[in-house]
Each structure stands twice: as C-alpha cells, then as structure tokens.
Amino acid sequence: MEGTVEEQDKSLVAVLGAGVMGVGIAALALGHGVPVVLVDVDDRVLEKAARDVPLRIRQGQLLGKLPRTTDLPPLTTSTSLEAAAAATVVIEAVVEMPEVKAKVLRAVSESVAPGTPLVSNTSGIPIDELAGHTLRPSDVLGAHFMNPPYLIRTVEVIRGPRTTDEALDPALRLLTSLDRESIVVGDGAGFVINRVLQRMINESARIVQEGIATHEEVDALFQGCLGHRTGPLATADLIGLDNVVDSLRVLHTRTGDAGFDPCELLLSKVGTGDFGRKTGRGFYAYES
C-alpha cells in the first residue's frame with residue numbers, strides 16, 4: 001500500500017517538539033519527500049533543529065535508509081501552533097510529561113481540521129488518557145518511533161479505545177509512504193516495547209547500583225548470551241536517561257508496580273545532568 005506521488009504532494013506533517021525525536025521524525029518525513037512544519041516554543045531549539053535535520057537526512061542517505069535524492073521539500077519552523085493548522089497529520093513529540101503532552105494536544109486539536117490524525121509519540125502514557133484532553137478523542141492515536149526514527153523501520157502504533165478508523169487509516173498510510181512497518185497494538189501504560197524495556201533498564205541499573213556487575217558487563221551479557229545488538233544500559237544512554245526516568249515514573253504511577261520505581265543510580269545520573277549520548281555522558285562517556 002505505497003503512497004502515491006499525488007498523496008505525498010497533498011501531505012503536510014506537523015511535528016510538535018524539536019528535540020531529538022522531533023528532529024528525527026522531521027528528517028524521516030522530509031527524506032521521503034513529505035513537507036514538514038516543525039513547531040517548538042524555543043527559537044534557539046528551532047535554529048539548532050534547522051541545522052540538525054539536514055545532517056540526519058544525509059546520515060540516513062549514506063546508510064541507505066533514506067532515498068538518495070537532493071530534491072527535498074522545505075522544512076518550515078515556527079513557535080506557533082497555528083502553523084500546524086493545515087497539517088494532514090500531526091505528530092506530537094514533546095517532552096514525556098503527561099501534563100505537557102495533554103496541553104499541546106488540546107491546543108493543536110483546536111487548530112486543525114476535524115478528522116486530522118493527532119499522533120502522539122509518547123513512549124508510555126496511555127493514549128486514551130491523552131485523548132481525553134482533546135476536542136476529538138476519536139482523532140488521537142500513538143506512534144512510538146524508535147530512536148533514530150529515520151534508521152529504525154518498525155513503528156509501534158497504538159490504537160486507543162476511542163481511536164476511529166478515520167484517524168488510524170491515514171496515519172498508517174503516511175507511515176507506509178515513509179517506508180515504515182507499522183505494528184498496531186492496544187492501549188495501556190508502556191504499550192509493548194516500554195512495558196518490557198523500561199523495566200529491563202531499571203533492573204540492569206539496579207544490578208550496577210548493587211555492585212553485582214559493571215554496566216559494561218551487563219551489556220556484554222545481553223549481547224553475547226541473548227544476541228542483543230546493544231545492551232540495556234547502552235540503549236538507555238541512546239534513549240536519554242532523563243526520558244527513561246520520566247517513562248518509569250509514568251509506568252510506576254499507572255501500574256503501581258514497584259519494579260518501575262526508578263532506582264537511585266538512574267535518579268543520581270539524571271540529577272547530575274548525565275543523560276547519555278545527548279549530554280556526552282551517561283553510563284558511558286561519548287565524544288562530543
């Protein structure tokens with residue numbers, strides 16, 4: 001079910017949030033010829049994003065993950081949600097805090113036309129919880145992109161209990177036109193990936209905290225014994241330890257499961273600003 005040229009020409013993706021994931025999603029869409037308006041509240045963040053997006057596209061092209069073309073649509077940036085009003089699909093990628101996501105989704109639902117899919121890139125907040133803050137809960141669904149989204153092809157798509165086919169279908173068509181494989185799952189805190197992954201990261205960090213093994217040893221065991229491409233703690237650094245802690249808190253609050261209570265080592269690293277790759281230090285140190 002490939003998107004036609006005509007369908008892509010009519011598409012405009014609004015990406016809300018110009019952080020790591022917002023930049024990656026914008027690069028994915030632009031790299032496949034779909035125009036993007038990137039919205040953030042911070043002009044400096046948008047200026048950096050405007051520099052970073054072409055670099056991400058080039059990386060994707062060099063690795064054979066994006067089409068090798070120089071004829072790319074323009075990236076539009078704005079600090080106003082009104083810039084998203086003409087979007088055919090909205091993808092929200094702001095910070096993983098329920099109150100912030102709810103506020104942004106509510107505001108954009110007031111700007112776009114009824115029936116426009118409102119897609120949250122949340123990594124764990126139940127979709128129906130977010131949908132309840134919008135004007136039209138039936139338009140809301142989730143698309144949990146992996147990082148970086150222009151390199152990792154599979155997307156965990158979450159259908160909330162009030163999500164309609166009229167919202168889900170165009171979102172799936174967009175993902176198909178971006179050469180993504182969509183796996184649609186039901187709603188619930190953490191969905192599938194993070195319900196498992198975040199607990200694994202938390203337990204791995206707790207093992208390091210207790211002195212049972214080093215972070216290198218934990219990751220080496222997962223790679224050597226289980227065939228994981230990267231271990232859980234290197235994965236945590238890629239996600240961002242701040243995002244890991246936010247996701248764990250969401251899961252702990254909504255499930256009551258003590259296994260999701262962020263361990264002290266994670267909290268300590270976040271408290272000192274060691275978030276992982278994006279800050280140059282997490283469980284590992286990275287060159288700037």
Side-chain angles (χ1 to χ4, degrees), residues 17 19-25 52 56 59-60 63 65 93-97 121-125 144-156 183 185 188-288:
V20 172
M21 289 306 298
V23 164
I25 294 166
D52 288 346
R56 302 295 178 265
Q59 181 188 27
L63 293 173
K65 303 295 185 179
V94 303
V95 64
E96 188 72 3
M97 298 176 67
N121 183 52
T122 177
S123 59
I125 303 167
H144 181 204
F145 291 87
M146 303 298 111
N147 186 28
Y150 52 91
L151 298 184
I152 300 177
R153 188 165 178 267
T154 302
V155 180
E156 181 182 33
I183 297 178
V185 301
F191 321 123
V192 175
I193 293 292
N194 274 332
R195 188 74 167 261
V196 177
L197 176 62
Q198 298 296 350
R199 184 165 188 148
M200 182 172 70
I201 290 172
N202 202 30
E203 288 302 319
S204 298
R206 202 186 311 276
I207 285 168
V208 175
Q209 176 184 306
E210 293 172 0
I212 296 171
T214 66
H215 60 277
E216 296 98 338
E217 290 164 345
V218 170
D219 283 349
L221 285 166
F222 273 83
Q223 290 173 291
C225 297
L226 301 178
H228 289 203
R229 190 172 302 174
T230 57
L233 299 176
T235 299
D237 275 358
L238 179 61
I239 295 169
L241 302 187
D242 53 334
N243 294 328
V244 168
V245 167
D246 286 342
S247 294
L248 284 168
R249 285 174 169 154
V250 166
L251 286 159
H252 185 224
T253 300
R254 285 154 183 79
T255 67
D257 189 331
F260 292 119
D261 192 9
C263 74
E264 288 301 320
L265 180 56
L266 284 173
L267 293 173
S268 173
K269 287 185 177 295
V270 171
T272 56
D274 293 336
F275 296 167
R277 284 184 177 272
K278 61 186 174 183
T279 60
R281 181 176 296 275
F283 283 98
Y284 296 86
Y286 303 91
E287 294 182 4
S288 58

Which heavy atom of A205 sits nearest a heavy atom of L265, and at what distance?
-> O-CD2, 3.6 Å
Compute whether any side-chain donor of one residue and acceptor of the other, for Q223 and T230, lie under 3.5 angstrom apart.
-> no
Taking all heavy atoms of P149 and all of G24, pick out the closest pair and write down the distance.
-> CG-C, 3.3 Å
I152 and F145: side-chain contact (heavy atoms from CB on, under 4.5 Å), yes or no, with the steps?
-> CA-CA 8 Å; I152 300 177; F145 291 87; over 6 Å; no
Is S268 reaching over with its side chain to a backbone N or O of E264, donor-acceptor style, under 3.5 angstrom?
-> no
Starting at OG1 of T235, measure out to CG of L197 and round the result to the nearest 0.5 Å.
-> 6.5 Å
Please tell me if the side chains of L63 and L151 come closer than 4.5 Å, counting only heavy atoms from C-beta onward.
-> yes
Going from CG on L238 to CE on M146, what distance comes out if it is rounded to the nearest 0.5 angstrom?
-> 11.0 Å
Atom OG1 of T122 and atom CE of M21: how far apart are they, to the nearest 0.5 Å?
-> 11.0 Å
Q59 side chain reached by Y150 side chain, heavy atoms, under 4.5 Å | yes
Is a donor on one side and an acceptor on the other found under 3.5 Å between the side chain of T279 and the backbone of G276?
-> yes
Could you walk me through whether I183 and V155 pass side-chain contact (heavy atoms from CB on, under 4.5 Å), step by step?
-> CA-CA 6 Å; I183 297 178; V155 180; over 6 Å; no
Take N147 and I239 through the test side-chain contact (heavy atoms from CB on, under 4.5 Å) and record every step on the way to the result.
-> CA-CA 7 Å; N147 186 28; I239 295 169; 6.0 Å; no
Establish, from distance only, whether the side-chain atoms of S247 and E96 form a donor-acceptor pair under 3.5 Å.
-> no
For the student: nearest non-hydrogen atoms of T255 and A189, plus distance = CG2-CB, 4.2 Å
Output for pair (M97 CE, I125 CD1), nearest 0.5 Å, gives 9.5 Å
Side-chain donor or acceptor of D274 paired with backbone N/O of K269 under 3.5 Å = no
Quick one: CE on M200 to CZ on R195, what's the gap to the nearest 0.5 Å?
-> 15.5 Å
Below 4.0 angstrom, N of the basic side chain to O of the carboxylate: do D257 and R199 qualify?
-> yes
With distance as the sole test, does N202 use its side chain to make a donor-acceptor pair with the main-chain N or O of Q198 at under 3.5 Å?
-> no
Contacts of type side-chain contact (heavy atoms from CB on, under 4.5 Å), residue V192, not counting sequence neighbours | E156, V185
Stepwise side-chain contact (heavy atoms from CB on, under 4.5 Å) test for H144 and N194 | CA-CA 10 Å; H144 181 204; N194 274 332; 3.3 Å; yes
Specify the closest pair of heavy atoms between I201 and A236, including all atoms of both residues, with the distance to one decimal.
-> CG2-CB, 3.7 Å
Can you check whether F222 and H228 have ring centres sitting under 6.0 Å from each other?
-> yes
Heavy-atom neighbours of K278 NZ exceed 12 at 6.0 Å | yes
Just jot down the side-chain contact (heavy atoms from CB on, under 4.5 Å) partners of V23, sequence neighbours excluded, or say none.
-> A49, D52, V53, R56
Using distance only, find each side-chain donor-acceptor pair of residues 211-219 under 3.5 Å and give its atom names and separation, not counting sequence neighbours.
from: T214; atom 1: OG1; to: E216; atom 2: OE1; distance (Å): 3.3
from: T214; atom 1: OG1; to: E217; atom 2: N; distance (Å): 3.1
from: T214; atom 1: OG1; to: E217; atom 2: OE1; distance (Å): 3.4
from: H215; atom 1: NE2; to: F283; atom 2: O; distance (Å): 2.9
from: E217; atom 1: OE1; to: T214; atom 2: N; distance (Å): 2.9
from: D219; atom 1: OD1; to: L233; atom 2: N; distance (Å): 2.9
from: D219; atom 1: OD2; to: A234; atom 2: N; distance (Å): 3.0
from: D219; atom 1: OD2; to: Y284; atom 2: OH; distance (Å): 2.7

Could D237 and R281 be called an ion pair, given the rule that one side-chain N must be under 4.0 Å from one carboxylate O?
-> no
Distance col, row S123:OG vs I193:CD1, nearest 0.5 angstrom, shows 11.5 Å
In short, P262 meets L248 closest at the heavy-atom pair CG-CB, 3.8 Å
